[in-house]
2 protein chains.
Amino acid sequence: MTPRTTDADELAEQPRIPLSRRRVLRAAVRLADRDGIDSLTMRQLAQELGVEAMSLYHHVANKEAVLDGVAEVVLGEVMVAVDEVEAPSPDADWRAALRARILAAREVFLGHRWAPQVLESRTTTNPLVIAYYDRVVAILRAGGFSFELAHRALHVLGSRALGFTQELFRPDGTGTPDEEAAALMEQMADRFPNIVGMLADAVHDDPDGTLGFCDDQFEFEFALDLILDGLERRRAAGS
Amino acid sequence: MTPRTTDADELAEQPRIPLSRRRVLRAAVRLADRDGIDSLTMRQLAQELGVEAMSLYHHVANKEAVLDGVAEVVLGEVMVAVDEVEAPSPDADWRAALRARILAAREVFLGHRWAPQVLESRTTTNPLVIAYYDRVVAILRAGGFSFELAHRALHVLGSRALGFTQELFRPDGTGTPDEEAAALMEQMADRFPNIVGMLADAVHDDPDGTLGFCDDQFEFEFALDLILDGLERRRAAGS
DNA sequence: ACCTGAACACCGTTCAAGT
DNA sequence: ACCTGAACACCGTTCAAGT
């Protein structure tokens with residue numbers, strides 16, 4: 001137990017600040033940021049607030065509601081971030097307008113690495129997700145998209161519209177890239193010749209390894225631009 | 001407790017079939033398919049096998065190993081499915097070759113709806129995922145891709161290469177599309193004007209609603225083709 | 001070698017009781 | 001109105017003991 005400045009400590013000295021849904025959810029986000037999403041339990045959340053677990057149930061219905069709530073907090077940050085971004089008007093350049101907002105949204109998720117997993121675990125669509133996509137559609141419409149093509153665009157973009165993707169194939173990012181890669185390739189060379197060739201080539205392209213093995217930001221922007229290209233092409237074709 | 005034919009019933013009459021890692025994992029997949037992934041607990045899995053929970057630990061290290069194992073079973077099915085698919089040779093037509101395999105892989109995931117969530121929850125990349133992507137790279141290479149562009153392609157495709165996407169914005173698919181949509185739009189019209197316009201248009205395009213509100217298969221193929229288009233364009237440009 | 005019962009340290013949640 | 005302690009029904013997992 002390392003001493004930290006938590007609400008619990010503060011409350012021991014100050015008169016008790018009453019609990020509220022908002023305070024509960026902000027504490028939940030803080031806890032997930034600090035200790036990981038698996039540490040977000042009702043009991044640990046209560047401790048973070050200097051309160052008993054059962055007190056939480058006066059402000060949130062149950063744990064599912066807490067998870068809906070932390071999604072809400074993160075999406076609230078996203079809405080602020082995309083509002084503040086500097087970008088051309090959608091009427092002038094829909095691509096630049098959308099691209100800038102998506103990359104701004106991405107920044108928020110880089111600060112809450114657990115958030116994609118939580119968002120994808122929700123069974124009902126969060127109203128703020130609808131609000132966000134509503135604005136994406138607005139930008140596409142301003143850019144000359146039909147409702148139909150805008151609909152297709154949402155499906156193509158998927159969570160990438162919010163600035164993140166969940167990849168299944170991630171060449172283990174822990175440790176120094178070069179060492180890891182060398183050891184791994186030795187073992188895998190005969191089983192996975194194409195992957196090994198590909199990764200060897202990627203290392204060669206980036207000999208000093210400062211960008212890491214896969215530069216996520218670069219890959220994200222490459223993929224986003226490829227998709228925006230494809231959408232613009234179909235828009236121009238009037239499909 | 002509705003009576004079912006489970007291993008437990010069979011074992012009551014037959015001499016005991018010895019447990020094995022393989023039997024444990026196949027039972028886990030069966031349980032997840034029937035009752036959902038949340039029902040896959042060590043205790044319920046043991047019951048499915050007519051055994052005590054603690055017996056499982058002689059065949060799998062822990063629950064994480066069970067989840068790795070069920071991912072392995074599903075990916076095994078994927079490997080078989082893509083092997084059996086009829087498709088042009090990658091040398092002749094990489095796009096058709098890859099497209100057919102991805103759609104075949106997709107079929108497997110349609111039979112295990114919980115599998116995407118499990119795959120995305122794994123912290124270490126499953127070797128069969130690497131094997132699958134190795135074959136994707138082989139197809140791209142046969143189609144004239146540089147290693148570098150093949151690498152980009154994997155990032156653009158992401159889980160779509162395995163035939164699934166996890167969407168955040170899903171206009172609630174329960175109930176009849178028309179009723180749901182009408183009720184929802186009434187409430188949302190002023191808050192989300194663009195989304196509502198888009199969805200109203202989608203309903204209009206498909207008046208008898210037989211395809212459902214969002215035709216997932218159609219949307220998946222549209223998105224896949226857009227991405228394959230973009231990749232081919234960049235390949236031809238020699239980037 | 002393989003399986004088991006009891007137990008432990010955790011969960012989310014309910015309930016009756018406190019202030 | 002808001003918070004609490006004890007309890008319940010679950011988890012995953014350990015351990016010593018059975019066959």
Could you tell me whether the side chains of Glu48(B) and Gln44(B) share a donor-acceptor contact shorter than 3.5 Å?
no
Let's test your reading of the pairing rules: Watson-Crick or G-U wobble, both distances under 3.5 Å, then write DNA chain C as a dot-bracket string with ( ), [ ], | and dots.
||.|||||...|||||.||
To the nearest angstrom, the CD-C1' distance between Glu52(A) and dT13(C) comes to 15 Å
Find the distance Asp35(A):CG to dC10(C):C1' and express it as a whole number of Å.
16 Å
Asp38(B) versus Trp114(B), side-chain donor and acceptor atoms under 3.5 Å:
no
With Glu72(A) as partner, the option from Arg22(A), Arg26(A), Arg122(A), Arg21(A) fulfilling salt bridge (charged side-chain N to carboxylate O under 4.0 Å, His left out) is Arg21(A)
Contact list for DNA chain C against residues 54-72 of chain A - heavy-atom distance below 4.0 Å:
Met54(A), Tyr57(A), Asn62(A), Lys63(A)
Between side-chain atoms of residues 156-165 of chain B and protein atoms elsewhere (two or more places apart, or another chain), which donor-acceptor pairs fall under 3.5 Å?
from: Ser159(B); atom 1: OG; to: Phe164(B); atom 2: O; distance (Å): 2.7
from: Arg160(B); atom 1: NH2; to: Val156(A); atom 2: O; distance (Å): 3.0

Roughly, in whole Å, what's the span from CG in Asp38(A) to P in dG12(D)?
14 Å
Closer than 3.5 angstrom, by distance alone: can the side chain of Asn194(B) be matched with the main-chain N or O of Val137(A) as a donor-acceptor pair?
no
Go nucleotide by nucleotide along DNA chain D from the 5' end; which of Ala53(A) and Met42(B) gets its closest nucleotide reached first?
Ala53(A)
Just grab all the salt bridge (Lys or Arg N to Asp or Glu O under 4.0 Å) pairs involving residues 106-117 of chain A, residues at least two apart or on different chains.
none
Atom pairs and distances, side-chain donor-acceptor, residues 51-60 of chain B, under 3.5 Å, sequence neighbours left out:
from: Ser55(B); atom 1: OG; to: Glu52(B); atom 2: O; distance (Å): 3.3
from: His59(B); atom 1: NE2; to: Leu19(B); atom 2: O; distance (Å): 3.3

Rounded to whole Å, the CZ-P distance (Arg43(B) to dG5(C)) equals 13 Å
Between CD of Gln47(B) and P of dC10(D) the distance, given in whole Å, is 11 Å
Mind checking side chain to side chain contact (heavy atoms under 4.5 Å, CB included) for Thr124(A) and listing every partner two or more places apart, or none if nothing turns up?
none
Out of dG12(C), dC3(C), dA7(C), whichever nucleotide has its closest atom nearest the side chain of Leu19(B)
dC3(C)
